[in-house]
Amino acid sequence: MRLIDVYLELQKRLTEHLRAVLQTKYDLQIEVIPLEIPPDLRFGELATPIAFELARKLRKAPKIIAQEIVAALGHLDGFSSFEVAGAGYINARLDRAAGVRLAAGSEGGSPSAQGSPELTRGHALVEHSSINPNKAAHIGHLRNAILGDTFVRLLRAAGYKVDVQNYIDNTGVQVADVVVGFLHLEGRSLADIRQLLGELKRSGVRIDYYCWDLYARTSQWYASGSPEENEARKRFRYATMHEIERGCNETAEVAELISTSVLRRHLETMLRLDIEYDFLPRESEILHLNFWALAFEQLKQTGVLYFENEGKNKGCWVMTRPAAGTQPIQEDDGPKGTDEDAKVIVRSNGTVTYVGKDIAYHLWKFGLLGRDFGYKPFFTYPSHECWISAEHGDEPHPHFGGAQAIYNVIDARQSDPQANVIQALRGMGHTAQADHYTHFSYEMVALTPRCAVELGYDVSEEDLARPYIEVSGRKGFGVKADDLIDKLIAATRAEVDARQTGRDEGERQRIAEQIAIGALRYFMLKFTRNSVIAFDFKDALSFEGETGPYIQYAVVRARNIFRKAGTTPDAVLDEFAGIDPAAYLEGEANEDIWALWLRAGRRSLVLEQCISTSEPAHLAKHGFQLAQEFNNFYHKHHILTEEDPTRKIFLLATVAVALRELIVVLSWLGIESPEAM
RNA sequence: GCGCCCGUAGCUCAGCUGGAUAGAGCGUCUGGCUACGAACCAGAAGGCCGGGAGUUCGAAUCUCUCCGGGCGCACCA
């Protein structure tokens, strides 16, 4: 199955043709020929400013060069004409009928249908979500998971084999804190906690919600006593963390019980958004399987780590930070000044830091560590199993890791440690891997002060003056993911109930959920990654304008046309293959229809752009623009009452292609296309 | 102090490797449901793209500088 994208295909043809012309006419070999989509159709469908670039080299006016090139271009399949415009642009006009046939015949297909061998580009690993399993997921985690999941869909659509990982820090200070809360603040034993979990389940209380409050309470408790008391509490905190890290004791068992229960809740929450994982690697196994010991040897051997004898880091194993220089540390280069800025990887007490463990984990991701996790099944999705790491796993099991390219969906605040890990890989000589290590960074989701007040939080004068306030799990400040989803579904349900009076309860609920999820996913994807989202219910609960439901509504309209017409998109496209559409594509009155076909033919181009820039927002924008042009077309041309039977087929084919494209784009965004709404 | 990100219409944001009159949504005002569903469409108003300098045929986009806002710079994770 071959995917033909009108723009990609015609761009390729034009580029090659231009290159050949430049070669024969001027004896020039130009590698990259800039091509752009003109701002307006009256400039044609493709354009190049190449004549401007050549002006200096050829010592001629751009306009003259453009005229010479146009004269030499002659005829090219798929194009109707080339012309000079402005001070030296070369504008290309497409053969519209040919372009439309190309677009109509391109394969739609679901993302999974495109994984044919010739499209397989390699093995990618995407890590996203990675929520500390000690509290409920909040809107910040939603942005992470939705970005990550969408990018997974894009990679798969482009032909990559993708493993989805959700890294679980089940031994860190955050889990320790909630364990302290259970054991110390609430004074519960392991048996008590087991009983509590049962009670919560029976009474329908979400355990992650329970932990949300307890975690905030515990965090406060550390700072609410006398200085001596606080000191003792902190000691208790670190003792708890060490017991959890060591394992094989009751505290560790409590941590395991709590973190696993909360983790299951996170998977359930994400499943509501159609987000699934393949593997859950846990910190506890990275520790107990001694990943670090292997990494440490490699780091020492390659000279990335060196032992510091002087200064503030005396007694530590450290590495040079990326900013300080890209050369690996050389031995025997005489007395050198102590690098006070070096990053400590192994502390003077012999324990390893977060970055050190992360280096080991990333060596594993690329298959460079020489050791693997054990694997156990953990969570069953309708279509596949999600595995979790284990010290002693089950056999047989799938193999994870050993990827060629990795994407870490982690917020922008962690760019320094991420850069450290990349630097270490590069220093160890794994340059190809370092080049294919992408920190897929994104800015946080914060609350507008108004939203914070609305939720009943105490907001300081200082915070009220800010444009936005950072959410904080530690303070229990934020909007929980499930609360937001519940609220969205309630809002869409009210709309659906008002409109779909003929449908039963179950159907209406299903539609409401599809719309709610569409609204939420689109909301998180419409912003580019490095824009902070100042969250407000007013915007998130909007179903009009540039939103997911707007695009879904276009789909419903298109489907209704086929329903009323008593035909199907496939049947129409078959008929369409037998007619000549040229007459319906020319002239002012049909300009918008041609624009819609052009937009529909841009999907793969946009996909490639999204992948090369790691930016799903481009596809979100494309989906909206496509829906907008479709709505425009829908309003202006009445299809079912069209009297010219050939033109009616043409119009129906236009709807068929728009519908196909809308559905595919939405599916790549992880958004379903409802039958009605 | 060092590093990264941001500053575009009243508000929230797009703007592809520099390119043709700077776009969208929301909000405001006006108009359109007896035509395929109005969760829609059409129109209007609204901008020295934070300021300044530079690079060039050409800058919202690249460089420098200043101003304003955010986030990082642990032997925490």
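Letters go in sequence order (proteins before strands), and every chain restarts at 1.
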What is the distance, rounded to the nearest whole Å, between atom CG of A:N631 and atom P of B:rC36?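 Answer to the nearest Å: 15 Å.
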Interatomic distance where OH belongs to A:Y222 and P belongs to B:rA77 [whole Å]: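 Whole-Å distance recorded here is 15 Å.
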Classify [X] by what it touches in the nucleic acid, base, sugar-phosphate, or nothing, heavy-atom distance under 4.0 Å.
X: A:R42; value: base
X: A:Q174; value: nothing
X: A:I50; value: nothing
X: A:I515; value: base
X: A:N560; value: base
X: A:V532; value: sugar-phosphate

Whether [Y] and [X] form a salt bridge (side-chain N of Lys/Arg under 4.0 Å from carboxylate O of Asp/Glu) is what I want to check.
X: A:K475; Y: A:E470; result: no
X: A:K621; Y: A:E546; result: yes
X: A:R529; Y: A:E615; result: yes

Can a donor-acceptor pair under 3.5 Å be found between the side-chain atoms of A:R450 and the base atoms of B:rU12?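 Result: no qualifying N/O pair found.
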Picking from B:rC6, B:rC75, B:rC40, which would you name as closest to the side chain of A:S348?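 The answer is B:rC75.
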Can you tell me the Watson-Crick or wobble partner of B:rC2, both distances under 3.5 angstrom?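 Pairing partner, where one exists within any strand: B:rG72.
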Please determine, for B:rA44, whether a Watson-Crick or G-U wobble partner exists with both distances under 3.5 Å, and give it or none.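 The base-pairing partner of B:rA44, which may sit in any strand shown, is B:rU28.
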Determine if A:H638 stacks with B:rA35; use a centre-to-centre distance below 5.5 Å and an interplanar angle below 30° as the criteria.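 Yes; by the centre-distance and plane-angle rule, A:H638 counts as stacking on B:rA35.
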Taking the six-membered ring of A:F537, is the NZ or CZ of A:K487 close enough (under 6.0 Å from the centre) and on axis enough (within 45°)?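 Yes, cation above the ring, under 6.0 Å and within 45°.
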